[in-house]
Amino acid sequence: MAEVLRLDGVTKSYGSGEVETEVLHGIDLVLEQGEFAALIGPSGSGKSTLLNLIGLLDRPKYGRLSIQGEEASQLEEAELTRLRGRAIGFVFQYHYLIAEFTALENVMMPMLVERGRPDAEMQKRAESLLEKVGLLQWKDSRATNISGGQQQRVAIARALAMNPALVLADEPTGNLDTHTADGVFELMREVNLSNRTTFLIVTHDPRLAARCDRIIELVDGRIVSDRPNTRT
């Protein structure tokens, strides 16, 4: 399988001099195409820091980080933005939709950022994604006029707009009731299986982690366990 993500000896520190604190200590991690992995660990373990590095929202202090074979650690900001926009999709605990925009316009946003102006192909892609997440009939509804579960489905469609190789999901079901959370999880799983999109899901929910194929555990800035989940 093709490598989507590789981290070699990645460290991250905050502060400087005598007050410098190392948060991540020599992280080695590889994710391949089509993997569906959970990242777990207690609060303060470094999960958010690691996710920010993988999402190219921050830079490691030491080590190498590659996305689809492209070494990202030393890229200029413009190149980093290009790689992030092309290769990575984000789903957060809160959907971060633009309230004044329709579902269709929200899904089109990553493509607008990339291309600068809307066109028919862009709209067709957004409609196709909304259909995939079961929301095509709400395409003209403003984000504030649909339910929390529907908003999260729009957020997933938006994350897939650029057909990324890697989707990072940070507590994607944390604000949802159990029934709605199950539906959102099943949708991510369906995308993973049908498109062979790699997912890394940060979660405190043991039920959700138990349904992933691989469980990576981070404690005190170190990966202490990385195992296939034989229960799925």
Side-chain angles (χ1 to χ4, degrees), residues 1-5 31-39 51 54-57 67-68 70 81-98 101-116 118-141 143 146-176 180-203 208 211-213:
M1 288 188 288
E3 260 183 23
V4 170
L5 170 72
L31 290 178
E32 296 183 334
Q33 182 182 14
E35 287 206 77
F36 197 77
L39 177 63
L51 206 66
I54 294 171
L56 309 181
L57 300 171
I67 304 287
Q68 290 189 294
E70 185 169 357
T81 299
R82 173 195 56 78
L83 180 58
R84 182 170 57 243
R86 172 179 60 80
I88 303 172
F90 296 89
V91 181
F92 301 100
Q93 181 172 351
Y94 184 72
H95 50 76
Y96 293 113
L97 301 181
I98 300 173
F101 282 17
T102 65
L104 184 70
E105 290 166 339
N106 271 285
V107 177
M108 289 172 65
M109 276 305 298
M111 295 180 281
L112 282 168
V113 171
E114 174 79 9
R115 302 178 199 174
D119 57 39
E121 179 187 348
M122 202 181 293
Q123 180 168 332
K124 185 178 179 180
R125 168 73 174 161
E127 287 177 345
S128 173
L129 287 167
L130 284 173
E131 184 174 25
K132 190 177 189 70
V133 302
L135 292 177
L136 183 57
Q137 68 194 87
W138 283 279
K139 69 175 184 176
D140 296 320
S141 298
I146 57 178
S147 71
Q150 289 171 327
Q151 289 170 341
Q152 196 65 313
R153 284 173 174 264
V154 173
I156 292 172
R158 180 184 58 190
L160 299 173
M162 298 298 292
N163 195 28
L166 174 63
V167 171
L168 302 177
D170 189 2
E171 297 286 357
T173 61
N175 283 334
L176 304 175
T180 305
D182 284 344
V184 167
F185 179 88
E186 289 300 332
L187 174 59
M188 292 190 295
R189 185 52 138 169
E190 179 187 332
V191 170
N192 161 251
L193 294 173
S194 61
N195 295 2
R196 297 203 45 77
T197 305
T198 302
F199 276 76
L200 181 62
I201 302 171
V202 175
T203 183
L208 194 153
R211 296 165 69 186
C212 296
D213 296 334

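Every heavy atom of this structure was used, including side-chain atoms; hydrogens, water molecules and symmetry mates were not.
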Enquirer: Rounded at 0.5 Å granularity, tell me how far OG1 in Thr197 sits from CD in Glu190.
Expert: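 Atom-to-atom, Thr197:OG1 and Glu190:CD are 11.0 Å apart.
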Enquirer: Can you name the side chain to side chain donor-acceptor pair (under 3.5 Å) partners of Glu70, sequence neighbours left out?
Expert: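 Side chain to side chain donor-acceptor pair (under 3.5 Å) check on Glu70 returns Arg82, Arg86.
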Enquirer: Ignoring hydrogens, what is the shortest heavy-atom contact between Ile146 and Gln151? Give both atom names and the distance.
Expert: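 Reported closest heavy-atom pair: O-NE2, 3.4 Å.
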Enquirer: Does a side-chain heavy-atom distance below 4.5 Å link Gln150 with Ser141?
Expert: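 No - every pair of side-chain heavy atoms lies 4.5 Å or more apart.
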Enquirer: Could you work out, with ring pair (Phe, Tyr, Trp, His ring centres under 6.0 Å) as the rule, every residue matching Phe185, not counting sequence neighbours?
Expert: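 If we apply the ring pair (Phe, Tyr, Trp, His ring centres under 6.0 Å) test to Phe185, skipping adjacent residues, the hits are Phe36.
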Enquirer: Identify the two heavy atoms, one from Arg153 and one from Gly183, that lie closest to each other, and give their separation to 0.1 Å.
Expert: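 Closest approach of Arg153 to Gly183: NH2-O, 3.4 Å.
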Enquirer: Does Arg125 have any side chain to side chain donor-acceptor pair (under 3.5 Å) partners at least two apart in sequence or in another chain, and if so, which?
Expert: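 Side chain to side chain donor-acceptor pair (under 3.5 Å) check on Arg125 returns nothing, list empty.
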Enquirer: Using the test side-chain contact (heavy atoms from CB on, under 4.5 Å), find all partners of Glu171 that sit at least two apart in sequence or belong to another chain.
Expert: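 For Glu171, the residues satisfying side-chain contact (heavy atoms from CB on, under 4.5 Å) (neighbours in sequence not counted) are Gln93, Thr203, His204.
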Enquirer: With rounding to the nearest 0.5 angstrom, report the CE to CE distance, Met109 to Met162.
Expert: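 Met109 CE to Met162 CE: 12.0 Å, rounded to 0.5 Å.
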Enquirer: In Å and rounded to the nearest 0.5 Å, what is the CG to CD1 distance from Leu5 to Ile67?
Expert: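 Rounded to the nearest 0.5 Å, the CG-CD1 separation comes out at 5.0 Å.
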Enquirer: Determine whether Leu51 and Leu200 satisfy the following criterion, side chain to side chain contact (heavy atoms under 4.5 Å, CB included), listing intermediate values before the conclusion.
Expert: CA-CA 9 Å; Leu51 206 66; Leu200 181 62; 4.2 Å; yes
Enquirer: What residues, two or more places apart in sequence or in another chain, satisfy side-chain contact (heavy atoms from CB on, under 4.5 Å) together with Ala143?
Expert: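 Expected list: Leu97, Asn106.
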Enquirer: Do Leu160 and Val133 come close enough that some side-chain heavy atom pair is under 4.5 Å?
Expert: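 No; the side chains remain at least 4.5 Å from each other.
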Enquirer: Any idea which heavy atoms bring Cys212 and Ala38 closest together, and the distance?
Expert: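 Shortest heavy-atom contact: SG-CB, 3.7 Å.
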Enquirer: Quick check against the 3.5 Å criterion: does Thr198 have a side-chain atom that pairs as donor or acceptor with the backbone of Gly34?
Expert: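 Side chain of Thr198 to backbone of Gly34, a donor-acceptor pair under 3.5 Å: yes, one is there.
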Enquirer: Supply the atom-to-atom distance Leu208 CG to Ile201 CD1, rounded to the nearest 0.5 angstrom.
Expert: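 That separation rounds to 5.5 Å.
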Enquirer: Please identify each residue that fulfils side chain to side chain donor-acceptor pair (under 3.5 Å) with Asn192, with sequence neighbours left out.
Expert: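 Residues passing side chain to side chain donor-acceptor pair (under 3.5 Å) with Asn192: Arg189.
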Enquirer: Looking only at heavy atoms, what is the nearest atom pair of Val91 and Ala155, with distance?
Expert: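 Val91 and Ala155 have their closest heavy atoms at CG2-O, 4.3 Å.
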Enquirer: Which residues pass the side-chain contact (heavy atoms from CB on, under 4.5 Å) test with Gln137, sequence neighbours left out?
Expert: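 With neighbours one apart ignored, the set is empty.
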Enquirer: Search all heavy atoms of Ala161 against all heavy atoms of Leu129 and return the closest pair with its distance.
Expert: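 Answer, listing the atom of Ala161 first, then Leu129: CA-CD1, 3.6 Å.
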Enquirer: Can you list the residues that meet the side chain to side chain donor-acceptor pair (under 3.5 Å) rule with Glu186, with sequence neighbours excluded?
Expert: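 Arg211.
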Enquirer: Decide yes or no for Val191 and Met188: does some side-chain heavy atom of the first lie under 4.5 Å from some side-chain heavy atom of the second?
Expert: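 The answer is no; the side chains never approach within 4.5 Å.
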Enquirer: Got a sec, which residues hit side-chain contact (heavy atoms from CB on, under 4.5 Å) with Ala126, two or more places apart in sequence or on another chain?
Expert: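 Testing Ala126 for side-chain contact (heavy atoms from CB on, under 4.5 Å), a comparison that skips the adjacent residues, returns Leu104, Val107, Met108, Met111.
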Enquirer: Could you tell me the separation between the CG atom of Leu112 and the CG atom of Asp119, rounded to the nearest 0.5 Å?
Expert: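 So the gap between those two atoms works out to 8.5 Å.
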Enquirer: Do Phe90 and Leu57 make a side-chain contact, defined as non-hydrogen atoms from C-beta onward lying under 4.5 Å apart?
Expert: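 Side chain of Phe90 against side chain of Leu57, heavy atoms only: contact under 4.5 Å found.
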Enquirer: Tyr96: which residues meet the ring pair (Phe, Tyr, Trp, His ring centres under 6.0 Å) condition with it, sequence neighbours left out?
Expert: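 Phe92, Tyr94.
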Enquirer: Among residues at least two apart in sequence or on other chains, which ones pass salt bridge (Lys or Arg N to Asp or Glu O under 4.0 Å) with Glu105?
Expert: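 Applying salt bridge (Lys or Arg N to Asp or Glu O under 4.0 Å) to Glu105 gives none.
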Enquirer: Going by the rule salt bridge (Lys or Arg N to Asp or Glu O under 4.0 Å), which residues pair with Lys139 if we only count those two or more places apart in sequence or in a different chain?
Expert: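 Once residues adjacent in sequence are excluded, the partners of Lys139 under the salt bridge (Lys or Arg N to Asp or Glu O under 4.0 Å) criterion are Glu127.
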Enquirer: How close do Gln68 and Ala165 get, heavy atom to heavy atom, and via which atoms?
Expert: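 Closest pair (atom of Gln68, atom of Ala165, distance): NE2-CB, 3.4 Å.
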Enquirer: Measure the CG-OG1 distance between Leu56 and Thr81 for me, rounded to the nearest 0.5 Å.
Expert: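 Answer rounded to 0.5 Å: 9.0 Å.
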